[in-house]
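Here, residue 1 is the first one in the sequence, and each next residue gets the next number. Whatever order the structure lists ligands and atoms in, that order sets their numbers, starting from 1.
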Amino acid sequence: MAQFSLVSASVGLITLQNPPVNALSAVLRQGIVDAVEKALCDPKVKSVVICGQNGIFCGGADIREFGTNMRGPPLIPMIHAIESANKPMVAAIEGSALGGGLELALGCHYRIAHSQARLGLPEVTLGLLPAAGGSQRLPRLIGVPAALNLITTGRHVTAAEALQLGIVDQVTDHNTVDAAVKFSQSVAGQSLDGRRISTYPCPVQPNLDAFFEEAMLKVRQSARGAIAPVACVQAVRAAATLPYAQGMKREKELMATLFTSGQARALQYCFFAQRAVGRWSTPSGGRWDTSKPRPVHTAAVIGLGTMGRGITVALAQTGLSVVAVETQVKQLTEAKQAVSGMLERGATRRGAAPTPDRITYSENIQAVAGADLVIEAVFEDMALKEKVFRQLSDVCKPGALLCTNTSALDIDHLASQTRNPELVVGMHFFAPAHVMKLLEVVYGPRSSSQAVATAMQLGKKMGKISVAVGNCRGFVGNRMLKPYLEQAFFLLEEGATPELVDRALEDFGFPMGVFKVSDLSGLDVGWRVRKADGMVESGLSTGPSARIRQGRRYSPLGDLLCEQGRFGQKTGRGWYLYDKPGGRVSKSDPWLHSFLEEYRVQQGLVARRVDQQEVLERCLFALINEGFQILEEGIAAGPEDIDAIYVFGYGWPRHRGGPMFYAGMVGLAKVMERLDHYHQAHPDEPSLQPCSLLRRLVASGKKLHSQL
Ligand SMILES: CCCCCCCCCCCCC[C@H](O)CC(=O)SCCNC(=O)CCNC(=O)[C@H](O)C(C)(C)COP(=O)(O)OP(=O)(O)OC[C@H]1O[C@@H](n2cnc3c(N)ncnc32)[C@H](O)[C@@H]1OP(=O)(O)O
């Protein structure tokens, strides 16, 4: 609802009240309409201030209403009524004014913001555009280039930037409502003719056609198939070229296409999934709302390779004291320099002062004795990690949490090396650890719920999307990656090229195809794991048994490349060719194509035409099938957890909602039918056999996601 009161004898104060973010639900819209009418009819009221309760102006339209039969007064006429009012309407912006919230403020004649407020039109991130006049008013207020930037990226700006851009009229460090009331009194009675943004001409943009062509090209390149950014450009173009009323018509048409699109559903699902994963639970009864995290003031990192350095930076940026331990002197010296550089660059990027140096370096593991939480990030070798955990168990103070950054090894086994296995959890970061948003918090059967809660809370403080998952080989993300990679290799054997597979995946929306990613992260990483698992046989034998391991199809292609010293970008050669070791730009490699042809001849394989659809179905459906298996085993609590992991850690295109959501969009029956089809053709590939949860869901007609 919206509360109306009279303050300072002549100011009507309208307070938006819809916790937690004052989203513009039907009830709130009705409340605003009624309150505005009251204010305009009351002769005592000379000016009006609109604010939000609990320190937040408004988080925009109520996203939960979008999938429903929307009732209540529509936003556009409500905002028009505010703009055409004959008493000054002033928005007092605290906290956030986002989406419809900012559009409401743009309908006001003046905007006063608190210095800590954030403003933006993030609709594009929900698969929409600012369709309550935002796409038409903002360009008129701040010019086309600045408006286009805000609308197509959805970025939030600080109050200071908003002032500089001309979005707000005043910024205050004090009580915003008081400032707005005072301001509204100072302008009461003045003409409002120059204050109605919809009447402004859009500032002239030179070379309009060329400007929008370039903008469209840029957006199409970065959008990777997302339709909302393209519609946003079209809407701003309408603002720049059409009178306001016609621009509004165009805004509405464009919104109508987006509003019911699968992409909007997927993106809005991601919005809620991102928040749902914070409400974690474990099979042993641990829950986010009943488990109290331990305080963490000092954290320690053991091992300062690439991951350890990134984790140190991420911890330091959170404001914690950090003890960083590396036993090799040369590595320690290099790490100190690298960490300082990363912190400085981070501060420059954020426009902030460098993080005060709260990092203590040491060669000695004893240095972690006072830490509340330790993250082990040594080389991925079980014997080495066992040793570190035994040492930590001796050295650390009672109650200290012992975490491992392993990407696949058994957490429970590591816990068994310590005196307090309940204090052991995995904190699986993704490289670069100070940049990537995802953190898998891995619990074993003996991890206490307090340990899980502490790691989850620390992840949140570090700005990560933390997802609690059970302990199994590869946890959730890497475990699902295995069948995906396997299928990509098999497709090469059957006639595809790395270019064809990568193109299919990039057209789907991944920033990089599987072979480019493999070149980037290093082919030797997987090779080492396969060797440790006893999968690698050196040299190339022939005959069907050469491509069978442990009773199932196996492709030695990756191993053969590694034997040739082709480790990817770092050696300048992998699945692609690079201009030099460390080069970034991939080129097609004729050597690789001849190698694949020779390989097929040696193995008696006849190349056939593989199309993009087969690439997607085999790679993605095998990955999704593993996701169903993970759900069945209870390793992930729900589909949102898997989807958040893939969207935030593995480049799954957000506008496709994550693998499990995508499966629902395709239709579970179709996914199962295609898996059955491919499994019949390849009976030695168990990852193509639909798992029993998928079969049961299809048989019962049940859905995995209520939104579908
Ligand atoms: C047939 C065709 C017809 C076509 C025509 C249809 C016309 C329809 C007319 C629509 C007009 C369009 C209007 C407008 O342009 C569209 C919008 O405004 S879309 C919404 C834009 N706003 C946002 O994207 C902001 C989203 N929120 C946030 O970024 C953050 O929540 C916050 C506001 C910065 C606060 O952050 P935090 O303090 O960290 O809090 P949380 O994020 O954890 O949120 C707390 C809680 O609130 C829920 N929530 C947040 N915002 C909204 C929202 N806008 N609607 C509903 N719910 C919201 C959030 O989910 C949390 O709850 P939980 O999920 O944890 O239960």
*Describe, in one word, how the ring planes of Tyr269 and Phe661 are oriented to each other, choosing from parallel (under 30°), tilted (30 to 60°) and perpendicular (over 60°).*
parallel
Tell me the contacting part of [X] for ligand 1: side chain, backbone, both, or neither, using a 4.0 Å heavy-atom threshold, strictly below.
{"X": "Ala61", "value": "both"}
{"X": "Ile63", "value": "both"}
{"X": "Leu126", "value": "side chain"}
{"X": "Lys252", "value": "neither"}
{"X": "Arg279", "value": "side chain"}

Proximal ligand 1 atoms for [X], defined as those under 4.0 Å from one of its heavy atoms:
{"X": "Asp62", "value": "55 (N), 56 (C)"}
{"X": "Gly60", "value": "18 (O)"}
{"X": "Phe272", "value": "60 (O), 64 (O)"}
{"X": "Ala131", "value": "15 (O)"}
{"X": "Pro20", "value": "45 (C), 46 (C), 47 (O)"}
{"X": "Glu123", "value": "14 (C), 15 (O), 16 (C), 17 (C), 18 (O), 19 (S)"}
{"X": "Glu103", "value": "13 (C), 14 (C), 15 (O)"}
{"X": "Phe271", "value": "26 (C), 27 (N), 50 (C), 51 (N), 60 (O)"}

For [atom], which candidate among [options] provides the closest heavy atom?
{"atom": "atom 23 (C) of ligand 1", "options": "Gly278, Gly99, Gly59", "value": "Gly59"}
{"atom": "atom 13 (C) of ligand 1", "options": "Leu129, Leu128, Leu75", "value": "Leu75"}
{"atom": "atom 44 (O) of ligand 1", "options": "Gln268, Arg64, Arg275", "value": "Arg275"}

_Tyr200 six-ring centre to Arg196 NZ/CZ under 6.0 Å and within 45° of normal_ = no
Are [X] and [Y], when compared by the centres of their aromatic rings, separated by less than 6.0 Å?
{"X": "Tyr443", "Y": "Trp280", "value": "no"}
{"X": "Tyr662", "Y": "Phe508", "value": "yes"}
{"X": "Tyr650", "Y": "Phe430", "value": "yes"}

*asked:* Can you confirm whether Ile32 sits close enough to Leu24 that some side-chain heavy atom of one is under 4.5 Å from a side-chain heavy atom of the other?
replied: yes
_A side-chain contact here means heavy atoms from C-beta on lying under 4.5 Å apart; do Glu440 and Lys464 qualify?_
no
Under 3.5 Å, side-chain donor or acceptor atoms of residues 67-81 against the rest of the protein: list the pairs with distances, not counting sequence neighbours.
unit_1: Thr68; atom_1: OG1; unit_2: Glu65; atom_2: O; d: 2.5
unit_1: His80; atom_1: NE2; unit_2: Tyr244; atom_2: OH; d: 3.0

Are any of the protein's heavy atoms under 4.0 angstrom from [atom], yes or no?
{"atom": "atom 48 (C) of ligand 1", "answer": "no"}
{"atom": "atom 40 (O) of ligand 1", "answer": "no"}
{"atom": "atom 7 (C) of ligand 1", "answer": "no"}
{"atom": "atom 37 (P) of ligand 1", "answer": "no"}
{"atom": "atom 54 (N) of ligand 1", "answer": "yes"}

_Whether over 12 other heavy atoms sit under 6.0 Å from Glu214 CD_ = no
Got the closest protein heavy atom to [atom], with its distance?
{"atom": "atom 58 (C) of ligand 1", "answer": "Val21 CG2, 4.0 Å"}
{"atom": "atom 3 (C) of ligand 1", "answer": "Phe259 CD2, 4.1 Å"}
{"atom": "atom 1 (C) of ligand 1", "answer": "Thr260 CG2, 4.3 Å"}
{"atom": "atom 29 (O) of ligand 1", "answer": "Leu98 CD1, 3.8 Å"}
{"atom": "atom 10 (C) of ligand 1", "answer": "Met255 CE, 4.0 Å"}

*When Leu16 is tested against each of Val21, Asn54, Asn22, Ile56 for side chain to side chain contact (heavy atoms under 4.5 Å, CB included), which residue passes?*
Asn22
Please tabulate, one pair per line, all N/O donor-acceptor pairs under 3.5 Å involving side-chain atoms of residues 155-167, not counting sequence neighbours.
unit_1: Arg155; atom_1: NE; unit_2: Asn149; atom_2: OD1; d: 2.9
unit_1: Arg155; atom_1: NH1; unit_2: Glu161; atom_2: OE1; d: 3.2
unit_1: Arg155; atom_1: NH1; unit_2: Glu161; atom_2: OE2; d: 3.4
unit_1: Arg155; atom_1: NH2; unit_2: Asn149; atom_2: OD1; d: 3.4
unit_1: Arg155; atom_1: NH2; unit_2: Glu161; atom_2: OE2; d: 2.7
unit_1: Thr158; atom_1: OG1; unit_2: Glu161; atom_2: N; d: 3.1

*Could you give the distance from CG (Leu128) to CD1 (Ile227), rounded to the nearest 0.5 Å?*
9.5 Å
*Say whether Ala256 and ligand 1 are in contact under the criterion: heavy-atom distance to a ligand atom below 4.0 Å.*
yes
*How far apart are the C-alpha atoms of Arg287 and Asp289, what are their side-chain angles, what is the distance that settles it, and do they pass the salt bridge (Lys or Arg N to Asp or Glu O under 4.0 Å) test?*
CA-CA 6 Å; Arg287 283 173 57 91; Asp289 50 352; 2.7 Å; yes
*Over all heavy atoms of both residues, which pair between Gly99 and Leu121 is shortest? Give the atoms and the distance, please.*
O-CD2, 3.6 Å
*Could you please spell out the steps behind the side chain to side chain contact (heavy atoms under 4.5 Å, CB included) verdict for Leu697 and Phe628?*
CA-CA 10 Å; Leu697 285 168; Phe628 278 105; 3.6 Å; yes
*asked:* Salt bridge check, Arg29 against Asp34: does any charged N sit closer than 4.0 Å to a carboxylate O?
replied: no
